[in-house]
Structures are given as C-alpha cells and as structure tokens.
Amino acid sequence: MTDNLIKLAQSFLNELASEDFKDALAMLQTFTEGLEVKNDPDHVEIFLVENIYNFMEKFKVMENNIRQYVIETNNKTNSTNKLAFLYETDELDD
C-alpha cells in the first residue's frame with residue numbers, strides 16, 4: 001500500500017514539473033497580473049485575486065509536504081531494508 005502511495009505522490013510531483021502544468025501556472029499568473037492592474041476592479045475581481053494568492057500559497061505548502069512525505073518514506077524504506085539486510089546477513093553467519 002505504501003509503495004502505491006509513494007508512486008502516486010511521485011507521479012503527482014512529476015506532473016507538477018511538466019510543461020503543461022508550468023504553462024497553466026503561467027496563464028494563472030498572467031491572469032492575476034491583469035486583474036491587479038485594473039483601475040477600478042469589481043469586488044469579485046478583488047476577491048478572485050485574494051483567492052488566487054491563497055491558493056498558490058497553500059499549493060506550494062502542499063507540494064513541499066508531498067515532497068517531504070516522499071523523502072521521509074523513502075528514507076524509512078531504505079532504513080528498513082538496511083536493517084533487514086543486516087539481520088539476514090547475521091543469520092547467514094550463524
């Protein structure tokens with residue numbers, strides 16, 4: 001189960017690095033900048049800019065949390081494998 005979660009998390013991170021996703025973020029940035037420079041923005045446009053900034057902040061936090069999850073889970077897996085290898089090696093020596 002953990003392996004599937006790691007693979008899903010890693011796949012998601014790979015998608016975030018894709019050109020399509022980068023293009024979508026660039027479009028969102030351009031859209032936001034367009035809203036920000038309006039002389040007399042509507043309340044909906046102000047609300048939208050605030051939401052976009054909140055979304056981007058939370059999205060970056062989430063991305064970092066997923067990266068940390070992948071790193072820590074891989075470290076635990078590697079530690080477990082090393083420990084299991086040491087036990088197996090010790091049993092073979094007996």
Side-chain angles (χ1 to χ4, degrees):
M1 178 67 170
T2 302
D3 289 341
N4 289 340
L5 292 176
I6 294 283
K7 288 177 185 176
L8 284 171
Q10 192 60 53
S11 294
F12 180 74
L13 293 173
N14 291 341
E15 285 298 317
L16 296 183
S18 72
E19 286 303 314
D20 288 339
F21 187 78
K22 289 178 184 178
D23 290 345
L25 285 181
M27 284 187 274
L28 184 61
Q29 181 66 31
T30 303
F31 175 65
T32 305
E33 290 169 357
L35 291 173
E36 289 178 322
V37 298
K38 282 189 83 173
N39 284 334
D40 191 19
D42 295 333
H43 72 285
V44 173
E45 293 167 329
I46 295 169
F47 187 68
L48 185 56
V49 169
E50 289 175 3
N51 281 328
I52 291 170
Y53 276 112
N54 287 335
F55 166 76
M56 291 305 296
E57 182 180 339
K58 289 181 180 188
F59 185 82
K60 288 177 184 179
V61 169
M62 183 225 25
E63 180 183 2
N64 287 331
N65 288 341
I66 291 174
R67 287 185 192 286
Q68 192 63 35
Y69 168 77
V70 169
I71 290 169
E72 288 182 12
T73 305
N74 281 336
N75 285 342
K76 286 179 187 176
T77 302
N78 290 340
S79 296
T80 303
N81 289 343
K82 288 178 186 175
L83 188 58
F85 176 75
L86 288 174
Y87 281 126
E88 289 171 9
T89 304
D90 188 43
E91 289 174 4
L92 292 176
D93 290 341
D94 289 340

Asks: Please say yes or no: joined through hydrophobic side-chain contacts below 4.5 Å, possibly via intermediate residues, are Val70 and Phe59 part of one cluster?
Replies: yes

Asks: How far does CD1 of Ile52 sit from CD of Glu36, to the nearest 0.5 angstrom?
Replies: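 Reported value, rounded in 0.5 Å steps: 8.5 Å.
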
Asks: Which distance, rounded to the nearest 0.5 Å, do you find between the NZ of Lys7 and the CG of Asn14?
Replies: 13.5 Å

Asks: Is there a side-chain contact between Met56 and Thr32 (heavy atoms, below 4.5 Å)?
Replies: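 Not touching, per the 4.5 Å side-chain cut-off.
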
Asks: First locate atom CG of Leu16, then atom CD1 of Ile66, and finally report the distance between them rounded to the nearest 0.5 Å.
Replies: 7.0 Å

Asks: Work out which heavy atom in Glu15 is nearest to a heavy atom in Phe21; give both atom names and the distance.
Replies: O-CB, 3.3 Å

Asks: So how far is it from Leu25 CG to Thr30 OG1, rounded to the nearest 0.5 Å?
Replies: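 So the gap between those two atoms works out to 10.5 Å.
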
Asks: About how many Å separate CG of Leu13 and OH of Tyr69, when rounded to the nearest 0.5 Å?
Replies: 11.5 Å

Asks: How long is the straight-line distance from CD of Glu50 back to CG of Leu35, given to the nearest 0.5 Å?
Replies: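 If I round to the nearest 0.5 Å, the distance is 12.0 Å.
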
Asks: Using the salt bridge (Lys or Arg N to Asp or Glu O under 4.0 Å) criterion, which residues pair with Lys22? Sequence neighbours excluded.
Replies: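 Partners of Lys22 under the salt bridge (Lys or Arg N to Asp or Glu O under 4.0 Å) test: none.
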
Asks: With a 3.5 Å cut-off and sequence neighbours excluded, list the donor-acceptor pairs that the side chains of residues 40-48 form with protein atoms.
Replies:
unit_1	atom_1	unit_2	atom_2	d
Glu45	OE1	Lys38	NZ	3.2
Glu45	OE1	Asp42	N	2.8
Glu45	OE2	Lys38	NZ	2.5

Asks: Could you see if Tyr53 belongs to whatever hydrophobic cluster contains Phe55? Use Ile, Leu, Val, Met, Phe, Trp, Tyr and a side-chain cutoff under 4.5 Å.
Replies: yes

Asks: Between Arg67 and Glu63, is there a side-chain heavy-atom distance shorter than 4.5 Å?
Replies: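 Glu63 reaches Arg67 side chain to side chain.
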
